[in-house]
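Okay, so here's the structure we're looking at.
For the numbers below, each heavy atom of this structure counts, side chains included, while hydrogens, waters and symmetry mates do not. Throughout, numbering of the chain's residues begins at 1 and tracks the sequence. As the structure is a prediction and not an experimental result, all values here were calculated from the model. Just so you know, ligand 1 is whichever comes first in the structure, and atom 1 is the first atom listed for that ligand.
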Amino acid sequence: MDFQLTEEQRLLKSTVREFAEAELRPHSREWDEKQAFPREVFTKLGELGLMGVTWPAEYGGSELSTIDWCVVLEELARVDAGVALSVAAHNSLCSGHIALAGTPEQKRAFLTPLAKGEKIGCWGLTEDSAGSDAGGTKTTAVKDGAKWVLNGAKTFITNGSLADTAVVMAVTDRAKGKKGISAFIVERGTPGFRSGKKEDKLGVRSSDTSELIFEDCKVPAANLLGAEGQGFVDTLRILDRGRIGIAAFAVGIAQGALDAATVYAQGRKQFGRAIAEFQAIQFKLAEMATRTDAARLLTWRAASRRDQGQEHTVESAMAKLFASEISVEVALEAVQIHGGYGYVKDYPVERFLRDSKLATIGEGTSEVQKLVIARSLLGRTTP
Ligand SMILES: Cc1cc2nc3c(=O)[nH]c(=O)nc-3n(C[C@H](O)[C@H](O)[C@H](O)COP(=O)(O)OP(=O)(O)OC[C@H]3O[C@@H](n4cnc5c(N)ncnc54)[C@H](O)[C@@H]3O)c2cc1C
């Protein structure tokens with residue numbers, strides 16, 4: 001057991017921190033208000049190797065570990081959680097599904113440009129009536145000669161209106177239930193595929209969240225991703241990894257809120273003293289730091305197990321559950337430490353609070369994480 005980052009990891013951390021401070025922080029408020037960040041940000045992240053952090057070099061990736069991936073996401077989310085979420089969905093979900101289930105030809109054709117940041121990816125599982133119960137997918141894919149014909153719609157898809165490449169789950173055999181769900185790669189420009197409504201959100205507003213719509217959308221048979229009927233099983237494996245990323249994302253928001261509150265408390269004077277001199281404020285900072293660190297350790301444990309090829313479903317769920325819940329608490333305390341200034345947009349902490357809530361919902365709500373953990377304790381199969 002070693003709780004230290006290696007020298008390379010510390011260098012990675014400082015490189016991403018410098019990037020986030022220089023390229024993201026000056027624009028975060030504007031991007032939050034406008035609900036968008038420029039596409040060039042993806043290009044720059046690609047140049048740094050952050051759009052394919054863990055994928056093999058032969059497919060354009062940086063071949064780093066899951067712990068490295070956590071370091072990257074934490075540093076991005078510490079400054080701009082919207083950018084971090086878009087990078088997470090691109091890496092963990094879309095590229096992750098192709099890396100897990102793709103053939104060498106599919107990886108060459110689709111993963112390589114994603115890993116280099118030349119293309120943007122999204123991953124469509126959720127539907128308006130199939131959220132936590134993703135097995136209730138209604139979108140269909142019907143074989144027609146050398147094509148699959150997709151019909152249906154996906155809701156709340158990160159990067160949904162920007163993505164060049166979408167991985168989409170659809171029912172190929174209704175009689176088989178969850179074992180009748182398959183995954184497909186759909187490229188932007190395919191007739192019958194378009195983006196729908198863009199969501200106007202509480203937080204992570206710089207990240208695009210949109211519908212995907214499929215109307216008699218014909219994709220080549222070669223775009224079936226993984227075996228027919230394997231899509232939902234692969235989805236659970238993708239989420240095991242994705243949840244480590246959302247936990248790191250939540251740790252980053254908590255760290256950003258803690259850093260902002262620590263600086264503010266030392267500068268703000270009331271009753272002739274910096275408010276950091278009051279024990280009530282010191283105790284808040286101490287609690288915030290302890291919770292953030294505990295969340296980080298749970299996250300790194302799950303990442304470490306993944307890197308060692310060990311089972312990590314429960315550890316990912318625990319990390320995601322704890323980190324997401326504490327990020328909301330820590331951001332809330334940061335607002336409190338800022339007093340009235342925490343409630344206005346001149347300071348970033350109100351944004352951290354709005355952003356943090358997403359971590360308790362995306363890639364499985366806190367309630368779903370508790371189901372995963374409890375079912376394991378009780379020896380039942382995970383949902
Ligand atoms: C900003 C954002 C980005 C997203 N990005 C993506 C993406 O890229 N791709 C994608 O596929 N999806 C994405 N999602 C969708 C996200 O994964 C779902 O919103 C989430 O899984 C919850 O589904 P739901 O919204 O339908 O809520 P519901 O499933 O309707 O849940 C509503 C409430 O009921 C509770 N609940 C449901 N079932 C149970 C149960 N069995 N026991 C106890 N409580 C239960 C939930 O915990 C929740 O509190 C995104 C969502 C958001 C908000």
Measure from [atom] to the protein's non-hydrogen atoms and state whether any distance is below 4.0 Å.
atom	value
atom 6 (C) of ligand 1	yes
atom 32 (C) of ligand 1	no
atom 11 (O) of ligand 1	yes

Should you measure from each heavy atom of [X], which atoms of ligand 1 turn up under 4.0 Å away?
X	answer
Glu363	17 (O)
Leu358	1 (C), 2 (C), 52 (C), 53 (C)
Gly131	23 (O), 24 (P), 26 (O), 29 (O)

Salt-bridge criterion met for [X] and [Y] (N-O under 4.0 Å):
X	Y	result
Glu127	Lys138	no
Asp164	Arg39	yes
Asp346	Arg29	yes
Glu21	Arg78	yes
Glu47	Lys44	no
Lys197	Glu199	yes
Arg205	Asp355	no

- Polar atom proximity, Trp123 to ligand 1 (N or O, under 3.5 Å): yes
Problem set entry | Contact (N/O only, under 3.5 Å) between Asp133 and ligand 1 | no
Quick note, salt bridge (Lys or Arg N to Asp or Glu O under 4.0 Å) partners involving residues 286-303, not counting sequence neighbours, are Glu74-Arg296, Glu287-Arg291, Arg291-Glu329, Asp293-Arg296
Look at [atom] and say which protein heavy atom is nearest, naming residue and atom and giving the distance to 0.1 Å.
atom	result
atom 45 (C) of ligand 1	Glu367 CB, 4.4 Å
atom 50 (C) of ligand 1	Phe156 O, 3.1 Å
atom 16 (C) of ligand 1	Thr126 OG1, 3.9 Å
atom 42 (N) of ligand 1	Leu371 CD1, 4.0 Å
atom 20 (C) of ligand 1	Ile361 O, 3.5 Å

Contacts of Glu277 meeting salt bridge (charged side-chain N to carboxylate O under 4.0 Å, His left out) (sequence neighbours excluded), chain-then-number -> none
Give the single entry among [options] that approaches [atom] most closely by any heavy atom.
atom	options	result
atom 29 (O) of ligand 1	Gly121, Ser132, Ser129	Ser132
atom 47 (O) of ligand 1	Leu239, Val168, Leu85, Thr365	Thr365
atom 8 (O) of ligand 1	Asn159, Thr360, Thr158	Thr158

Notebook entry, point to check: Which class fits the ring pair Tyr341 and Tyr264: parallel under 30°, tilted 30 to 60°, perpendicular over 60°?
Noted result: tilted
